2 protein chains.
Amino acid sequence: MDIVHVGVIPPYHLNACKLFINAKKNVLCEKSLAMNTKELKEILDSAKKNNVFLMEAVWTRFFQASVEIRNLLAQEYIGEVKMVRADYSLPLLHMSRSDQKDLSEGALLGLGIYCLQFISMVYKGEKPESIQARGVCLETGVDETVAVILKYSKNRMATFTCSAGVELHSEAIIIGTEGKIQVLSPMWCPTSIIVDRKETEYPIPERCLSLNFTYSTGKRYEVEEVRQCLLKGLKESPVTPHAYTLLLAEMGDEVRRQVEVVYSQDCQ
Amino acid sequence: MDIVHVGVIPPYHLNACKLFINAKKNVLCEKSLAMNTKELKEILDSAKKNNVFLMEAVWTRFFQASVEIRNLLAQEYIGEVKMVRADYSLPLLHMSRSDQKDLSEGALLGLGIYCLQFISMVYKGEKPESIQARGVCLETGVDETVAVILKYSKNRMATFTCSAGVELHSEAIIIGTEGKIQVLSPMWCPTSIIVDRKETEYPIPERCLSLNFTYSTGKRYEVEEVRQCLLKGLKESPVTPHAYTLLLAEMGDEVRRQVEVVYSQDCQ
């Protein structure tokens with residue numbers, strides 16, 4: 001066995017990851033990798049100590065559309081980036097565990113992570129200068145909708161909204177001094193981008209078996225990245241390094257602090 | 001003469017309005033009516049004292065599309081409103097006065113006012129429970145881009161972004177528990193809305209003379225409202241009453257405080 005793919009619900013990630021990592025297994029763990037920064041550091045430390053590969057499964061990064069976005073940004077095709085916006089909503093509240101805080105990861109960790117990862121990708125892992133967040137929570141304390149304003153160095157900004165309750169757009173846009181890149185819905189598994197009013201499609205691989213979820217074949221891009229990392233003996237992916245996973249967790253903690261979402265894991 | 005339409009630049013509104021109001025003239029003044037709440041209260045007080053009609057010229061409210069939106073909301077056609085978003089960007093920085101703080105009103109007072117008015121219309125003039133704002137300013141201190149999160153009672157929210165520098169969408173959306181209403185660009189003079197995926201157009205009156213600005217004939221809706229108010233002897237429009245203009249100014253002051261935009265008028 002080359003690697004274990006941890007896909008249990010997020011509150012169980014810590015124990016599952018540590019179980020396999022301590023058994024010297026490489027781990028690909030679903031996002032959000034941990035419930036907070038404290039848990040994440042524990043997992044990252046144990047991966048380092050055991051010298052295994054570990055990656056947060058943010059599959060979005062490996063879609064062809066995402067690769068093209070990174071290429072365009074590297075070429076400064078739209079000039080200097082000034083503003084990034086990302087939104088992700090998906091009514092999840094019909095799911096039985098969705099409003100139970102000890103079983104659910106809420107709108108931020110479940111959906112907002114895609115927005116945070118997109119913004120952090122565009123701003124190349126830079127830490128924002130400030131974070132402003134507000135949201136609304138269910139009676140159980142699970143966050144239903146969260147809106148965030150991020151300010152970066154050199155007067156650059158980003159905003160995102162995620163919701164497990166109301167239906168918003170699920171698109172993203174990068175605005176530069178010379179143009180813009182629009183990622184059409186669904187931004188979390190992007191198959192179409194618009195640059196200079198020209199739309200380009202990046203269809204996901206054809207399926208040869210029936211799927212439980214649309215877009216599942218898009219997972220192949222991520223799997224190929226993991227394969228390449230393992231073949232090269234890498235312990236983290238250069239596309240989603242540990243530092244980047246840590247940044248997302250730290251930003252998530254700050255947003256949750258402002259939205260007043262406290263998990264039992266935060267109090268341990 | 002029935003009424004004076006004050007259309008000088010906003011820093012001169014206070015003096016121009018008071019000049020005409022003290023001469024017992026009715027006044028329709030361009031938005032933003034004043035540079036801050038203090039100036040606005042002075043204008044409102046003088047209108048009351050002189051018993052004249054006064055209205056902030058937020059023409060958007062009188063377009064047929066806006067009337068239809070208010071009808072739909074009154075019927076609770078989209079259920080209970082949970083989220084409102086509005087964006088307005090218009091690259092203004094090529095204008096000679098645009099970066100000079102004593103001549104310009106900046107992105108918030110110049111463009112954001114349209115977002116604030118839209119959100120306040122949807123939430124029927126309610127004061128938000130909290131305002132979170134961040135923005136970036138030009139070296140002259142003029143605000144270029146501003147992003148705001150508003151939280152209202154009963155777990156309802158709104159967000160808006162306005163920019164005089166970068167090109168964003170200029171659309172608005174109202175999301176309710178039973179559906180959504182989308183206002184297509186340009187949201188500041190709306191001619192098309194989408195409800196339940198069905199687009200309805202509300203074309204503005206045909207022009208019979210050449211226009212300096214597109215959509216100018218849409219001003220007729222506002223003029224008709226003013227005419228009706230004057231015929232009825234009203235001193236304020238029931239669609240944009242003074243209390244609503246005051247609320248916009250107070251929200252604007254709080255946003256500017258957080259974005260750190262200070263006008264000379266604030267220090268007098």
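Values reported hereafter were calculated over all heavy atoms of this structure, with side chains retained and with hydrogens, waters and symmetry mates removed. Every chain is numbered from 1 and lettered A, B, ... according to where its sequence line falls, protein lines coming before strand lines. All of these numbers come straight from a predicted model, not from anything done at the bench.
- Annotation: side chain of A:Thr161 is not in contact with side chain of B:Met157 (no heavy-atom distance under 4.5 Å).
- We find the CG-CZ distance between B:Leu150 and A:Arg134 to be 11.0 Å, quoted to the nearest 0.5 Å.
- Atom OH of A:Tyr202 is surrounded by more than 12 heavy atoms from other residues, nucleotides or ligands within 6.0 Å.
- Most heavy-atom pairs under 4.5 Å with chain A: of the set B:Ala133, B:Cys137, B:Gly135, this distinction falls to B:Gly135.
- For A:Ile173, the part sitting under 4.5 Å from any heavy atom of chain B is the side chain, from C-beta outward, and nothing else.
- Within the 4.5 Å cutoff, no side-chain heavy atoms of A:Thr145 are placed close to those of B:Lys82.
- Remark: B:Ile149 CD1 to A:Thr159 OG1 distance equals 8.5 Å, nearest 0.5 Å.
- Put simply, of A:Gln182, A:Glu167, A:Lys180, the one with the most heavy-atom pairs under 4.5 Å next to chain B is A:Glu167.
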Test side-chain contact (heavy atoms from CB on, under 4.5 Å) applied to A:Glu144 and B:Asn155, step by step: CA-CA 10 Å; A:Glu144 184 192 80; B:Asn155 274 345; over 6 Å; no
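- A:Arg85 contributes atom CZ, which lies 4.0 Å from atom CG of B:Asp87 (distance to the nearest 0.5 angstrom).
- No more than 12 heavy atoms of other residues, nucleotides or ligands lie within 6.0 Å of NZ in A:Lys127, so this atom counts as exposed by the packing criterion.
- Within a 6.0 Å sphere centred on NZ of A:Lys41, other residues, nucleotides and ligands contribute 12 heavy atoms or fewer.
- Atom CD of B:Glu129 has more than 12 neighbouring heavy atoms from other residues, nucleotides or ligands inside a 6.0 Å radius.
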